[in-house]
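See below for the structure under consideration.
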2 protein chains.
Amino acid sequence: MTDDLVLRRQVCFALYTASRALTDVYRPILDEFGLTYPQYLVLLVLWERPDDAPTVSELGTELRLDSGTLSPLLKRLEGAELVVRRRSARDERRVEVGLTERGRALRQRVEHIPMCVAQATGLGLAELVALRDTLTQVTDTIHRQKEQ
Amino acid sequence: MTDDLVLRRQVCFALYTASRALTDVYRPILDEFGLTYPQYLVLLVLWERPDDAPTVSELGTELRLDSGTLSPLLKRLEGAELVVRRRSARDERRVEVGLTERGRALRQRVEHIPMCVAQATGLGLAELVALRDTLTQVTDTIHRQKEQ
DNA sequence: CGCAATTAAGTTGTGCACAACTTATCGGTG
DNA sequence: CACCGATAAGTTGTGCACAACTTAATTGCG
């Protein structure tokens, strides 16, 4: 009898649990700004290129989320007056997502968060970087396989 | 201007994405058995101790899920005739979750899955073990902080 | 040019996660 | 023994994720 099915042995379970644990760290912090973690991720992308107004599918490519997830999420961000959505002039299928002044201003108020969360992991900077790179590599490997 | 808010630099995003990518690997495989990943996790716990019939909250402790998640999930597993739920005789508040014959039999049919998924990560065995241990350590660190 | 295939965003339905709450049971203390 | 706080499971409501589908606009090929 193999022991491969033992929960604590599985990388996937460790990943699933660690991901939820880190979201738990974010939750009370982001809650003060009325944000969820996925909403915060969308804002991260927008803050990276404030003059860009990416489309919904460009956001989806960055975050690996589809319109089924992003459409209602963006509607909520728009309701919070953090982003605006407008149909592209040159391609009426596209919807461009831009920051409002309010959304732009939020950036500096949340700038300290990544440091707090990184600290909560208990890992050193080098370990964090190594972990991040390993995880990114795994994700890329899986997605590369999927496309073939 | 700090770059801490850049998406690709963040461990959390790497974790969030890797977790979803791995679930993506599981999905089509588990789909053949009519299972979701969290349902599979519950079965893993039950297979580990087939004579135990843990309570809902014992399952919750293992998986770090609350009754709000587990109750409907277990109802679906019961609908699929993979588990049975029964009130504990000596404590009517508790509900014990046991495997049906069908649930017990499923074990050997999914025994190969962890190997397949591990392979999809592209990591070697040693790397996988190291990754799992790092993630478990992070999760434990976070939960320990939470309890104090 | 005309139309079929493609692309973009949104909608619908299912199943987690999780907070907040409800209901029922239990255990301990006066 | 009665009651009160604690505990267990379930319910309700919100917000992701994701599959499958719809609608609308565009592209490209004959």
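Reminder, nothing fancy here: chain letters follow the sequence lines and each chain counts from 1. This structure is a prediction, so every number in the text was calculated from the model and none was measured.
Atom CG of Asp66(A) is separated from atom C1' of dG13(C) by 14 Å (rounded to the nearest Å). Put simply, CD on Glu92(B) is 12 Å from P on dA9(D), counting in whole angstrom units. In this structure, CG of Leu30(A) is placed 20 Å from P of dT14(D), rounded to the nearest angstrom.
Residue-to-nucleotide proximity on DNA chain C shows that, of Tyr16(A) and Glu96(A), the 5′-proximal contact is made by Glu96(A). Nucleotides of DNA chain C nearest to Asp91(A) and Thr69(A) differ in position, and the one nearer the 5' end is that of Asp91(A).
Between the side chain of Thr134(B) and the main chain of Ala130(B), a donor-acceptor pair closer than 3.5 Å is present.
With respect to Arg85(B) and Glu78(B), a salt bridge is recorded, a charged nitrogen being found less than 4.0 Å from a carboxylate O. Taking the charged nitrogens against the carboxylate oxygens, Arg49(B) and Glu62(B) do have a contact shorter than 4.0 Å, which makes a salt bridge.
For dG15(D), its base never sits under 3.5 Å from the side chain of Thr36(A) at any donor and acceptor pair.
Aromatic pair Tyr40(B)/Phe33(B): ring centres not closer than 6.0 Å.
Side-chain N/O atoms of Ser67(B) include none lying less than 4.0 angstrom from OP1 or OP2 on dA9(D).
Closest to the Leu65(B) side chain, of the nucleotides dA8(C), dG10(D), dC18(C), is dC18(C).
Using a 4.0 Å heavy-atom cutoff across all strands shown, Leu73(B) reaches sugar-phosphate atoms only and no base atom. Residue Ser57(A) is classed as a sugar-phosphate contact, given heavy-atom separations below 4.0 Å to backbone atoms only. Looking at heavy-atom distances under 4.0 Å, Thr55(B) makes contact with sugar-phosphate atoms alone, never a base.
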